[in-house]
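Shown next, in structure tokens, is the structure this report addresses.
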Amino acid sequence: MAESTLDSELIILIDRWPGYAELIGDDELPIGGWLGNTHHAVSQPVYRPGQKFCAWNDENIAGTTGMFTMIYLQYDTAAAAEVMAAKQVVVNDAASAAFWRITNDPDAVGLVLSCALAAVAISALTDEQWGWFWCGGVCPEGHLPGLAGNYATKDGTVAGALCTADLVADAIGFGPVAADTSAIIGFALDADAG
């Protein structure tokens, strides 16, 4: 089947990353928000690797009302020229013993379907940069308008459990859970557009 898309408001992610998320209010967000240049897309970590915060998304601003979780991770790619874009699905890099090192390259991961540690990039990052990733709950569109809209899906994704999928475009996207080895990383509230 052809690849398709699923709207951000129809996706709920499950946070399977180690540790607990600290609940914060809008007045406790990182300086400059999630994309602040003192802590996001930086070469040295400002927060602890794997630090998680849980906050509230308000549909009166944008998106779906509900809680969301963000995690602080490091992008890792074998080719330094590769750039991660916003809205790309990432998984922990199987070549690293550090769970917080992630990749968007399905060729760098042993089994994409079995990756339980998945998140979504909130902006472009280059090799070895640190930043925030959406890893749980509703899409934080009220905080990050760039995350609104369509996400790549594979194989006629239907309402229900989601796993990571290897897309034709040599990227990781969302797909239907179709095997015992698939790790559920979220839920689709409706079928994809395809």
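Along the sequence shown, the residues carry numbers beginning at 1. Heavy atoms only: backbone and side chains are in, while hydrogens, waters and symmetry mates are out.
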Legend entry - Test side-chain contact (heavy atoms from CB on, under 4.5 Å) applied to E128 and S43, step by step: CA-CA 6 Å; E128 303 296 320; S43 59; over 6 Å; no

Inset, instruction - Could you note down all residue pairs passing side chain to side chain donor-acceptor pair (under 3.5 Å) where residues 8-23 supplies at least one of them, sequence neighbours left out? - result: S8-E141, D15-K52

Taking every non-hydrogen atom, the tightest pair across [X] and [Y]:
{"X": "K154", "Y": "D166", "result": "NZ-O, 2.7 Å"}
{"X": "M84", "Y": "A121", "result": "SD-CB, 3.2 Å"}
{"X": "T153", "Y": "T5", "result": "OG1-N, 3.4 Å"}
{"X": "L117", "Y": "P18", "result": "CD2-CD, 4.4 Å"}
{"X": "F133", "Y": "I122", "result": "CA-CG2, 4.3 Å"}
{"X": "A116", "Y": "I185", "result": "O-CG2, 3.5 Å"}

State the [atom1]-[atom2] distance between [X] and [Y], to the nearest 0.5 angstrom.
{"X": "S123", "Y": "L147", "atom1": "OG", "atom2": "CG", "value": "9.0 Å"}
{"X": "Q88", "Y": "D105", "atom1": "CD", "atom2": "CG", "value": "10.0 Å"}
{"X": "L73", "Y": "D93", "atom1": "CG", "atom2": "CG", "value": "12.0 Å"}
{"X": "N57", "Y": "C139", "atom1": "CG", "atom2": "SG", "value": "7.5 Å"}
{"X": "N150", "Y": "I11", "atom1": "CG", "atom2": "CD1", "value": "8.5 Å"}

Less than 4.5 Å apart, any side-chain heavy atom of [X] and any of [Y]?
{"X": "P176", "Y": "L162", "result": "no"}
{"X": "Y47", "Y": "P30", "result": "yes"}
{"X": "L10", "Y": "F187", "result": "no"}
{"X": "Y75", "Y": "V90", "result": "no"}
{"X": "I14", "Y": "I184", "result": "yes"}
{"X": "L125", "Y": "Q74", "result": "no"}

Legend entry - Cluster check I12, V158: I/L/V/M/F/W/Y, side chain < 4.5 angstrom: no

Inset, instruction - Give the cluster check for L13 versus W56: same hydrophobic cluster or not, with ILVMFWY residues linked at side-chain heavy-atom distances below 4.5 Å. - result: no

Legend entry - Partner set under side-chain contact (heavy atoms from CB on, under 4.5 Å) for A152, not counting sequence neighbours: L167

Legend entry - side-chain contact (heavy atoms from CB on, under 4.5 Å) partners for P49, two or more places apart: W100, W130

Inset, instruction - For the residue pair W132 and F53, categorise the inter-ring angle as parallel (less than 30°), tilted (30 to 60°) or perpendicular (more than 60°). - result: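 The rings of W132 and F53 sit tilted, inter-plane angle from 30° to 60°.
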
Legend entry - Parallel, tilted or perpendicular: ring planes of Y151 versus W134, cut at 30 and 60 degrees: perpendicular

Legend entry - Criterion side-chain contact (heavy atoms from CB on, under 4.5 Å) on L29 and H143, from CA distance to verdict: CA-CA 10 Å; L29 296 175; H143 293 259; 3.7 Å; yes

Inset, instruction - Please identify each residue that fulfils side chain to side chain donor-acceptor pair (under 3.5 Å) with D58, with sequence neighbours left out. - result: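 Applying side chain to side chain donor-acceptor pair (under 3.5 Å) to D58 gives N60.
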
Legend entry - D192 side chain to S4 backbone, donor-acceptor under 3.5 Å: no

Legend entry - CA sep, side-chain torsions, deciding dist, call: I102, V91, side-chain contact (heavy atoms from CB on, under 4.5 Å): CA-CA 5 Å; I102 48 90; V91 297; over 6 Å; no

Distance-only donor-acceptor pairs under 3.5 Å for side chains of residues 61-72, two or more places apart:
from	atom 1	to	atom 2	distance (Å)
T65	OG1	E59	N	3.0
Y72	OH	H39	O	2.6
Y72	OH	V46	N	3.2

Inset, instruction - Scan residues 23-35 for pairs that pass salt bridge (charged side-chain N to carboxylate O under 4.0 Å, His left out), counting only residues two or more places apart or in two chains. - result: none

